[in-house]
Amino acid sequence: MGQPTPARNDPDWWRSAVIYQVYVRSFADGDGDGTGDLAGVRTKLPYLAGLGVDALWFNPWYLSPMKDGGYDVADYRAIDPAFGTLAEAEKLIAEARETGIRTIVDIVPNHVSDQHPWFRAALAGGPERELFHFRPGRGAHGELPPNDWTSEFGGPAWTRLPDGDWYLHLFAPEQPDLNWAHPVVRQEHEDILRFWFERGVAGVRIDSAALLVKDPRLPDFVAGRDPHPYVDRDELHDIYRGWRAVADEYDGVFVGEVWLPDTERFARYLRPDELHTAFNFSFMTCPWDAGRLRASIDDTLAEHAPVGAPATWVLCNHDVTRTVTRYGRADTGFDFATKTFGTPTDLALGTRRARAAALLSLALPGSVYLYQGEELGLPEVEVDPEHIQDPMHARSGGVDPGRDGCRVPLPWAADEPYAGFGSRDTAPWLPQPDDWPSYAVDRQQDVPGSMLTLYREAIRLRPAFGDGPLTWLPAPDGVLAFTREGGARCLVNLSGTPVDLPEHTRVLLTSGPRAADGRLPGDTAVWLV
Ligand code: NOJ
């Protein structure tokens, strides 16, 4: 432990940080009840420090009925009892900081839980109705929803109440949308930000950041019509300028969940008086293809440059198919719309590519997000429908496998019951597949060639690239090669055939074995100096 070093106090830490995403429910179970918790995270701080990460992003840990894994928040200032207490969260934030790890919390401003006091008061007919979007229905008897918007989880975005009115929910019915035109909603969220910054958090992830503001007329959706009635409305920028003023009082930073195909519109959120960073979903969903990846990297860097914001690099998160699985399929991109059960997967191939992708993303300029279990090479699990809790599954009529496949509780100890998650008596909240112990931390720790060792080494060696911009180097077709100011070079071979290594003094790290003749095989990456 000891005093934080000056580097750890660097106010620009977020520009190049490695940030580890903790889905608390599935990370580590401290009390053995089958659900991950803050006590569990506290016991794993040495593991996280050993991995070398700079910060932890916690998915929502607040009081919640868990209708959407905690993205249905009933109280933003309380920890869900399944996870622990507020005092424990404060301890965790402080202990993490002592080991040099910062904390990022996840704020969900677009909606609340239907159990939030505001919504309960609204249902009881109170003036809180104005804090949501309540409307009479259409049709002779108000039997049709007020407009044709659909929920991101499938089905209509409106639910009718017994009193005849409808309310808007862009996600599940248990997640009513807030009315961001109301000053009380704005005030409350600035207070929530202060509440967490006061407790020592270094940053805030903003859920569904581009969806908050709705066209007040709530018109039907018309494809191609600008502006969209609820995505990326101009009014959002004023909200985030207000948030930035709060964050600046604490040197806090933001990372926005902004899914927008238009790069110019995306970059607006990253202007100097708005959000510091936003997730790079174009890279995350990009197929394993040299040309596509290079274009995605170039577009990312070009869109960030004019606003001076650093890029982020993400391979997966708690919403998408795990990387080793995605890269082992015929379609190596990601699209929510095409997820199905039973997709054939070559895990050995996917794992080779995921290892190469790890070296690629950790060499790029900007910050990198790692999703828990990515460092273990965990595959997506095909969860038996009877165990699936994610509302995406049920609301798709059972067609979409949902997102629980990437949320299966982590394996820590191969020989313990439930691979070290839960206790002998209590199974984890989602069943683990039979081969889970083979991925356990204690099977990979300090094992040369394991995924965990690769990640730990890559994070340790990453400073060899320096802080400077990226320069592409000449390379054979299908090979990505670049360097940065620090002088290290990264080569990723997506060509399918082995390639010669350029001249070098030393190989820092390879994602897989080199060929007997020293060449770099396909689906393999190398760092050279
Ligand atoms: C995005 C989150 O990442 C996802 O898990 C959640 O379901 C939706 N926002 C709604 O909050």
Side-chain angles (χ1 to χ4, degrees), residues 19 21-27 36 57-74 76 80 104-116 119 132 149-155 157 159 168-178 180 189 192 204-214 230-232 236 254-260 269 275 277-281 284-285 312 314-322 334-337 339 369-374 380 383 388-396 400-408 430:
I19 300 163
Q21 180 189 349
V22 179
Y23 194 78
V24 181
R25 208 177 180 189
S26 304
F27 181 69
W57 150 34
F58 290 95
N59 288 101
W61 55 16
Y62 322 104
L63 182 71
S64 166
M66 300 285 160
K67 298 293 181 195
D68 180 21
Y71 283 93
D72 47 321
V73 181
Y76 292 82
D80 195 88
I104 296 175
V105 292
D106 201 327
I107 296 289
V108 188
N110 180 67
H111 42 268
V112 296
S113 158
D114 62 354
Q115 299 307 308
H116 187 284
F119 194 70
F132 298 90
W149 300 358
T150 51
S151 148
E152 304 275 327
F153 292 161
T159 289
L168 176 69
H169 51 86
L170 290 183
F171 294 91
E174 297 87 354
Q175 293 168 296
D177 278 43
L178 288 169
W180 272 86
H189 280 81
I192 293 168
V204 171
R205 181 251 188 197
I206 307 170
D207 186 66
S208 306
L211 303 183
L212 278 44
V213 177
K214 279 76 184 177
Y230 60 84
V231 178
D232 184 31
L236 282 164
F254 291 118
V255 54
E257 191 204 11
V258 182
W259 292 79
L260 288 181
Y269 291 84
L275 310 183
T277 55
F279 290 118
N280 187 347
F281 292 119
M284 188 185 75
T285 55
T312 66
V314 189
L315 292 173
C316 65
N317 66 25
H318 65 293
D319 289 330
V320 303
T321 308
R322 281 203 177 267
F334 176 80
D335 187 347
F336 283 109
K339 286 184 74 182
Y369 282 81
L370 279 188
Y371 172 49
Q372 66 180 41
E374 192 179 334
E380 183 80 4
V383 180
I388 297 179
Q389 299 198 16
D390 180 17
M392 265 191 154
H393 171 66
R395 288 185 63 88
S396 72
D400 184 331
R403 300 163 294 177
D404 285 351
C406 66
R407 300 172 177 178
V408 174
L430 270 179

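Every number for a ligand or one of its atoms is a count from 1 in the order of the listing.
Checked against the 6.0 Å centroid criterion, the rings of His318 and Tyr71 qualify as a close aromatic pair.
Side chains of Trp180 and Pro109 form a contact here, defined as non-hydrogen atoms less than 4.5 Å apart.
Applying the side-chain hydrogen bond (donor to acceptor under 3.5 Å, both in side chains) criterion to Arg403, with sequence neighbours excluded, gives Asp68, Asp319, Asp390. Shown here are the salt bridge (Lys or Arg N to Asp or Glu O under 4.0 Å) partners of Asp114, two or more places apart in sequence or in another chain: there are none. In terms of the side-chain hydrogen bond (donor to acceptor under 3.5 Å, both in side chains) criterion, residue partners of Ser26 (sequence neighbours excluded) are, by chain and number, Trp429.
Taking a heavy-atom cut-off of under 4.0 Å, ligand 1 is surrounded by Asp68, Tyr71, His111, Phe153, Phe171, Arg205, Asp207, Ser208, Glu257, His318, Asp319, Arg403, Arg407.
Salt bridge absent: Glu374 and Arg322 never bring a charged side-chain N and a carboxylate O closer than 4.0 Å.
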